[in-house]
Protein chains: 2
Amino acid sequence: MSVSETSGPTVYDVAERAGVSIATVSRVYRNPDTVRAATREKVLAAGQELGYVPSASARGLASRSTGVLGLFFPDFADPEAEAQAEARAEGSVPDGAMEDVELSFYGDEVIRGMERAARRRGYALLIAAAPMDRAGEVLPEVAGRVDGLAVLAHHVPADALDMVSRRLPVVVLAGDQARGRGSVDRIDVANFDGQMELTRHLIEDHGLRDLAFIGGPEDSPDAGARFRGFQAAHLAAGLPLPELPATRGDLTLAAGRKAALELLDRDGARLQGLVFANDQMAVGALHALAERGVSVPGDLAVTGFDGIPLGRLVRPALTTVRQPMPRLGERAVELLLARLADRERPVVSPTLPTAVARRASCGCGA
Amino acid sequence: MSVSETSGPTVYDVAERAGVSIATVSRVYRNPDTVRAATREKVLAAGQELGYVPSASARGLASRSTGVLGLFFPDFADPEAEAQAEARAEGSVPDGAMEDVELSFYGDEVIRGMERAARRRGYALLIAAAPMDRAGEVLPEVAGRVDGLAVLAHHVPADALDMVSRRLPVVVLAGDQARGRGSVDRIDVANFDGQMELTRHLIEDHGLRDLAFIGGPEDSPDAGARFRGFQAAHLAAGLPLPELPATRGDLTLAAGRKAALELLDRDGARLQGLVFANDQMAVGALHALAERGVSVPGDLAVTGFDGIPLGRLVRPALTTVRQPMPRLGERAVELLLARLADRERPVVSPTLPTAVARRASCGCGA
DNA sequence: GGATACTCTGAATGCGCTTCCATGCAGGGA
DNA sequence: TCCCTGCATGGAAGCGCATTCAGAGTATCC
């Protein structure tokens with residue numbers, strides 16, 4: 001029994017112990033049905049006794065597939081925030097500072113949805129975050145490890161994406177609309193439709209006219225699409241078209257707070273509703289407004305976008321547009337496997353539906 | 001230029017194109033310094049042009065290491081919840097139902113901390129969830145793919161854990177104290193100390209005497225340790241020792257709500273504080289109490305445990321014991337790499353400190 | 001009873017890369 | 001000028017498994 005000391009027993013060890021060839025051992029673990037029951041038991045027993053664990057590397061090399069899907073997403077934490085995160089973990093930073101990043105990162109739900117779907121299909125999930133400026137280096141690295149790759153980052157260098165997608169199935173999630181259209185599968189979320197529906201609800205059902213849209217960063221395609229939905233609802237109602245967002249924020253709680261106060265000071269008397277590009281800003285605004293004694297939805301309606309769990313727990317509960325994040329991950333797995341099965345299949349780019357959640361902050365229900 | 005059609009160019013293709021041997025190509029990508037600059041450039045250029053991506057499988061097989069660390073954790077979603085999750089994603093389930101699972105799964109933070117630490121050390125992270133009853137099957141599967149494995153599940157079958165840990169470094173995170181002591185690295189969190197400190201704060205600083213502890217499931221070692229910390233604080237103050245938790249819950253918002261109402265009806269007049277085994281229950285209780293018109297902390301102090309972001313956003317802000325979740329993941333990486341470097345190093349089981357966050361719900365600050 | 005058709009198993013090959021060892025070559029000291 | 005040293009590169013041997021191709025063994029049928 002000469003079990004390799006360095007990295008556990010191999011097929012050879014198991015084969016020797018069971019008195020069969022390595023081919024049979026391989027078959028037992030790979031397609032058990034092709035081996036006679038008695039032989040199979042013998043091999044399995046030997047494997048058990050030796051603590052045999054098949055090497056995924058060897059299997060991958062021989063079978064030309066890794067059984068792993070990858071999810072690439074941006075790391076929002078810059079080095080500074082990272083250092084702070086560590087300090088906080090140690091308890092050396094005062095409570096209350098800078099937790100926006102940690103607060104319900106929507107990628108978490110995508111990860112969970114994708115992991116679940118992948119596992120159900122017999123795949124494992126490799127996750128790789130990277131600061132956006134290093135995406136070009138990290139991408140090929142993870143590409144070498146997986147059979148298919150989902151990319152959640154908006155701005156991945158096109159050449160890196162090209163190179164990778166030439167080698168394996170790639171699906172871009174909720175990415176830049178303009179980028180890479182037609183060459184690679186993509187999954188979009190109905191940002192436009194969702195925001196339009198929500199805005200029409202405010203206009204038509206609640207009779208609001210003077211709405212302010214608080215946008216995201218200029219380079220956020222999602223936030224851009226939401227604003228266009230906001231505009232479209234105005235068109236539909238025959239209201240004057242808002243040319244630009246009333247202001248912008250960086251999608252954090254603090255930005256929402258700031259935007260709310262700013263708009264309140266500027267057009268407080270006139271405004272009837274604040275339409276935020278995402279939930280976090282809307283929640284920040286709710287707090288700020290409460291402190292100012294502004295009643296929501298009495299004096300001012302407030303809405304968000306995303307459907308983070310927190311939105312239901314604040315008071316008033318936040319009216320928002322819910323995104324199907326876990327579903328995004330699940331669909332990604334489906335598309336990757338479909339393309340894995342047929343590399344020639346036509347490129348697709350489904351759009352996942354969103355749903356308006358009417359809660360208290362717009363004047364609905366309790 | 002005979003690039004293999006099926007799975008991209010290989011070292012052979014790059015070598016041929018660059019007019020060097022495959023050994024040199026390998027060196028260029030592995031230790032660039034050992035290759036003359038001119039040669040290196042030539043190879044790199046050839047690699048670029050061909051879209052060469054090294055195969056992790058081959059590399060792993062040849063070098064006997066995968067460059068991947070794994071994180072294994074329980075999948076809380078039973079099949080039913082899973083189906084519901086899908087339905088919800090489609091928008092076909094009424095809002096407001098059953099999102100407890102999604103609400104700040106503390107594993108998310110561990111995942112992020114671990115991914116970050118792993119990447120910094122040049123490793124990728126493979127995540128694998130599994131229903132606890134299938135842990136025994138899934139564990140070896142992921143073990144074959146990684147160089148080291150962190151296990152976040154409390155009750156992993158001992159034999160599976162044994163088998164895996166014989167083959168590669170394993171670290172158990174916040175696991176069952178009694179299980180596997182001494183044979184494998186583990187990282188614990190100061191559940192006992194944290195809860196004791198918080199409870200002493202309630203007793204000594206706020207002068208509260210009649211506190212009710214709302215425990216977790218009987219088989220939760222974490223919740224158990226917290227209750228013992230609660231008991232110890234009573235001992236320290238010379239107060240009567242609570243023999244058992246006043247009641248138990250399953251750690252969800254709903255359970256907290258239910259427990260709060262139940263205790264209110266039972267001992268409402270006497271009670272001065274509700275000490276919950278985790279934050280989610282505490283937040284659920286805050287809502288229930290608000291609806292009942294019970295003032296917190298005026299009539300009743302409420303505390304939690306975990307330090308989820310939500311705790312800071314509810315009103316009153318929740319006093320709690322913060323766990324260093326991301327740090328847990330980081331430490332896991334450190335321990336795994338340390339053991340990877342020296343398989344013979346003594347087994348360690350550090351305990352990560354917790355920190356009491358004094359916020360409004362216990363009567364502190366604003 | 002012998003040929004035919006299966007079923008099960010083993011030998012051998014190669015997946016793409018790392019790495020040890022050998023080789024060629026330039027430069028420096030004798 | 002020659003030998004030795006050191007560096008840059010090539011040759012070649014696996015890493016552990018999947019898989020093809022044959023051969024051995026067994027059951028079936030006439």
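All chains are named by letter (A, B, ...) in the order of the sequence lines, taking the proteins before the strands, and each is independently numbered beginning at 1. Please read all numbers here as calculations on a predicted model, not as lab measurements.
Of all the residues in residues 27-46 of chain B, B:Arg27, B:Arg30 reach under 4.0 Å from DNA chain C with at least one non-hydrogen atom.
With sequence neighbours excluded, no residue forms a side chain to side chain contact (heavy atoms under 4.5 Å, CB included) with A:Ser26. The side chain to side chain contact (heavy atoms under 4.5 Å, CB included) check on B:Asp133 picks up B:Pro131, with sequence neighbours excluded. A:Ala160 meets the side chain to side chain contact (heavy atoms under 4.5 Å, CB included) test with A:Leu139, A:Pro157; sequence neighbours excluded. Residues forming a salt bridge (charged side-chain N to carboxylate O under 4.0 Å, His left out) with A:Arg134 (at least two apart in sequence, or on another chain): A:Glu137. B:Arg339 meets the salt bridge (charged side-chain N to carboxylate O under 4.0 Å, His left out) test with B:Asp185; sequence neighbours excluded. Looking at residues two or more places apart in sequence or on another chain, you find a salt bridge (charged side-chain N to carboxylate O under 4.0 Å, His left out) between B:Arg331 and B:Glu334.
Helix-axis bend for the helix from C:dG1-D:dC30 to C:dA30-D:dT1: the local axis fitted to the five terminal pairs at one end deviates from that at the other end by 50°, rounded to 10°.
Among D:dG11, C:dC17, C:dT9, the nucleotide with an atom closest to any side-chain atom of A:Thr24 is C:dT9.
Contacts of B:Ser26 with the nucleic acid, taken as non-hydrogen atoms under 4.0 Å apart, include base atoms. Within the 4.0 angstrom heavy-atom criterion, no nucleotide atom of any strand lies near A:Val25.
Under the ring pair (Phe, Tyr, Trp, His ring centres under 6.0 Å) criterion, the residue pairs touching residues 21-67 of chain B are B:Tyr29-B:Tyr52, with sequence neighbours excluded. Contacts classified as salt bridge (Lys or Arg N to Asp or Glu O under 4.0 Å) and involving residues 37-54 of chain B (residues at least two apart or in different chains) are given here: B:Arg17-B:Glu49. Sorted by first and then second residue, the ring pair (Phe, Tyr, Trp, His ring centres under 6.0 Å) pairs with a member in residues 115-147 of chain B form an empty list; sequence neighbours excluded.
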Could you go through nucleotides 13-15 of chain C and list every protein N or O atom that sits under 3.5 Å from one of its N or O atoms, giving the distance for each pair?
{"from": "C:dC15", "atom 1": "O2", "to": "A:Ala62", "atom 2": "N", "distance (Å)": "3.3"}

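The side-chain contact (heavy atoms from CB on, under 4.5 Å) test with B:Leu335 singles out one residue from B:Val348, B:Val170, B:Leu340, B:Leu173, and that residue is B:Val348.
Between the C1' atom of C:dG16 and the OH atom of B:Tyr52 lies a distance of 7 Å, rounded to the nearest Å. C:dG10 atom P lies 13 Å from atom CD of A:Glu16, rounded to whole Å.
Side-chain atoms of B:Thr39 do not come within 3.5 Å of backbone N or O of B:Val35 as any donor-acceptor pair.
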